[in-house]
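In what follows, every heavy atom counts, from backbone to side chain, and hydrogens, waters and symmetry copies are set aside. The residues of the chain are indexed from 1 along the displayed sequence. Just so we're clear, the structure is a prediction, and the values are computed from it rather than from any experiment.
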Amino acid sequence: MKKTLLILLLLSPLFAMAKFYEGQVTLADGSVKAGFINIIGSDTKIKFKSGEDADTEKIKIEDIKELYIINGSKIEFVSLYLADLHPTKGYIASKKKYLVRIHRKGKINLVSYYMDVAPIGPTPRYTARHFYFQKQGADTARFIYTSQKNLENEDYHVRAQKTIEKVAAKQFEEECPDMIANLNSDAFKEKGLPYLIELYEQYCGK
């Protein structure tokens, strides 16, 4: 599956423009850069300016720990490896890091990344938002769900719920069997993906 930063991210018509937003970048070495950030146009680098009229520099995503931009509200991103679920081999992590948006924080974070999907058969290639869970402090996030909903839609309800419950079991059952044993399908239907975070907070990582 080819991952293309459509960039993303994320997510509103404003992001369709190659625009700099006020924000802050924390690098992998712990140093911090405050200024103006453009995350559009590349899945390997961002553009950064220390001031509105300053020269532009490019920062590799692999050199970034996290960043945020201000676009009406604070929008946070983190640089992670992404592990997709192979039908026979389990989770396989990417060889490079991607800049993903953080939606919910907790003992596990819900993050997402937009990428092209090349389906089997006559269906044309389409863009989808892929959701992942990242454990606190981990440099890899593991796949949980793909959504084709509107890019601006912050609805975390899922289709094919029984399938997603099986994916959740693959991701969490060995580490935290109580979480999966207590998964309530009706509550999952009502709350969507944040419900899995609630379960993890309650039963895991104590």
Side-chain angles (χ1 to χ4, degrees), residues 2-83 94-116 127-156 192-194 197 201:
K2 183 179 179 181
K3 295 173 181 174
T4 308
L5 223 156
L6 278 180
I7 272 184
L8 259 178
L9 281 183
L10 295 189
L11 343 176
S12 88
L14 289 177
F15 279 100
M17 302 168 59
K19 181 176 179 179
F20 282 85
Y21 294 88
E22 186 176 357
Q24 180 174 287
V25 181
T26 300
L27 299 177
D29 63 7
S31 60
V32 175
K33 291 176 172 283
F36 296 86
I37 301 166
N38 176 4
I39 62 174
I40 308 301
S42 172
D43 64 353
T44 59
K45 300 180 182 72
I46 66 163
K47 295 178 181 179
F48 174 84
K49 298 193 296 185
S50 59
E52 290 187 88
D53 298 321
D55 292 337
T56 299
E57 65 174 295
K58 294 181 179 180
I59 304 175
K60 293 180 180 179
I61 289 175
E62 64 185 31
D63 295 330
I64 296 171
K65 178 181 179 183
E66 59 192 12
L67 65 82
Y68 69 81
I69 60 174
I70 304 297
N71 180 23
S73 61
K74 183 179 180 180
I75 303 175
E76 298 179 86
F77 301 86
V78 63
S79 177
L80 296 172
Y81 297 103
L82 299 181
S94 60
K95 296 184 182 298
K96 70 174 185 178
K97 287 187 173 182
Y98 293 86
L99 192 65
V100 299
R101 180 175 176 174
I102 302 173
H103 294 275
R104 298 291 180 93
K105 286 185 173 181
K107 290 181 181 177
I108 54 173
N109 298 329
L110 178 63
V111 303
S112 74
Y113 183 85
Y114 281 102
M115 64 187 75
D116 282 348
T127 301
R129 186 202 319 221
H130 293 242
F131 286 99
Y132 298 78
F133 280 127
Q134 174 214 10
K135 295 181 185 177
Q136 278 187 352
D139 64 359
T140 301
R142 294 186 290 181
F143 172 81
I144 186 65
Y145 179 63
T146 296
S147 173
Q148 298 179 45
K149 294 180 181 179
N150 185 288
L151 302 188
E152 295 182 74
N153 196 329
E154 293 302 310
D155 180 0
Y156 302 113
L193 294 175
I197 298 177
E201 295 277 355

Please report the C-alpha distance between Lys65 and Asp29 in whole Å, then the side-chain angles of each, then the deciding distance to 0.1 Å, and finally whether the side-chain contact (heavy atoms from CB on, under 4.5 Å) criterion is met.
CA-CA 8 Å; Lys65 178 181 179 183; Asp29 63 7; over 6 Å; no
Please report the closest heavy-atom contact between Ser79 and Ile64, naming both atoms and the distance.
CB-O, 3.0 Å
Value for OG (Ser112) from OH (Tyr156), rounded to nearest 0.5 Å, stands at 7.5 Å
Lys74 with Glu22: basic N within carboxylate O range, under 4.0 Å
no
Listed partners of Asp53 passing side chain to side chain contact (heavy atoms under 4.5 Å, CB included), at least two apart
none
In sequence, state the C-alpha distance, the side-chain angles, and the governing distance for Ile61 and Thr44, and then conclude on side-chain contact (heavy atoms from CB on, under 4.5 Å).
CA-CA 5 Å; Ile61 289 175; Thr44 59; 5.5 Å; no
Please tell me if the side chains of Ile144 and Leu193 come closer than 4.5 Å, counting only heavy atoms from C-beta onward.
yes
With no hydrogens and no angle check, is any side-chain donor or acceptor of Gln134 less than 3.5 Å from a backbone partner on Val111?
no
Quick one: list whatever passes side chain to side chain donor-acceptor pair (under 3.5 Å) with Lys97, sequence neighbours left out.
none
Would you mind reporting whether Ile39 and Phe77 have side-chain heavy atoms less than 4.5 Å apart?
yes
side-chain contact (heavy atoms from CB on, under 4.5 Å) evaluation trace for Ile46 with Asn38
CA-CA 6 Å; Ile46 66 163; Asn38 176 4; over 6 Å; no
Going from CZ on Arg142 to OH on Tyr132, what distance comes out if it is rounded to the nearest 0.5 angstrom?
13.0 Å
Between the CG atom in Leu67 and the CG atom in Leu27, the distance rounded to the nearest 0.5 Å is 9.5 Å
Does Lys49 NZ have over 12 foreign heavy atoms under 6.0 Å away?
yes
Rounded to the nearest 0.5 Å, what's the gap from NZ on Lys96 to NZ on Lys60? Could you check?
12.0 Å
For the residue pair Phe131 and Tyr145, categorise the inter-ring angle as parallel (less than 30°), tilted (30 to 60°) or perpendicular (more than 60°).
parallel
Does any non-hydrogen side-chain atom of Thr140 lie less than 4.5 Å from one of Leu82?
no
Could you tell me if the side chain of Glu76 sits less than 4.5 Å from the side chain of His103, heavy atoms only?
no
Between Tyr113 and Arg101, is the side-chain contact (heavy atoms from CB on, under 4.5 Å) condition met? List the steps.
CA-CA 7 Å; Tyr113 183 85; Arg101 180 175 176 174; over 6 Å; no
Residue pair Lys33 / Ile59, side-chain heavy-atom distance below 4.5 Å
yes
Starting at OH of Tyr21, measure out to CD1 of Ile75 and round the result to the nearest 0.5 Å.
8.0 Å
Of all heavy-atom pairs between Ile197 and Phe133, which one has the smallest distance, and what is that distance?
CG1-CE2, 3.6 Å
Taken to the nearest 0.5 Å, the spacing of Lys135 NZ from Asn109 CG works out to 12.5 Å
Of the non-hydrogen atoms in Tyr81 and Lys95, which two are nearest, and what is the gap between them?
CE2-O, 3.8 Å
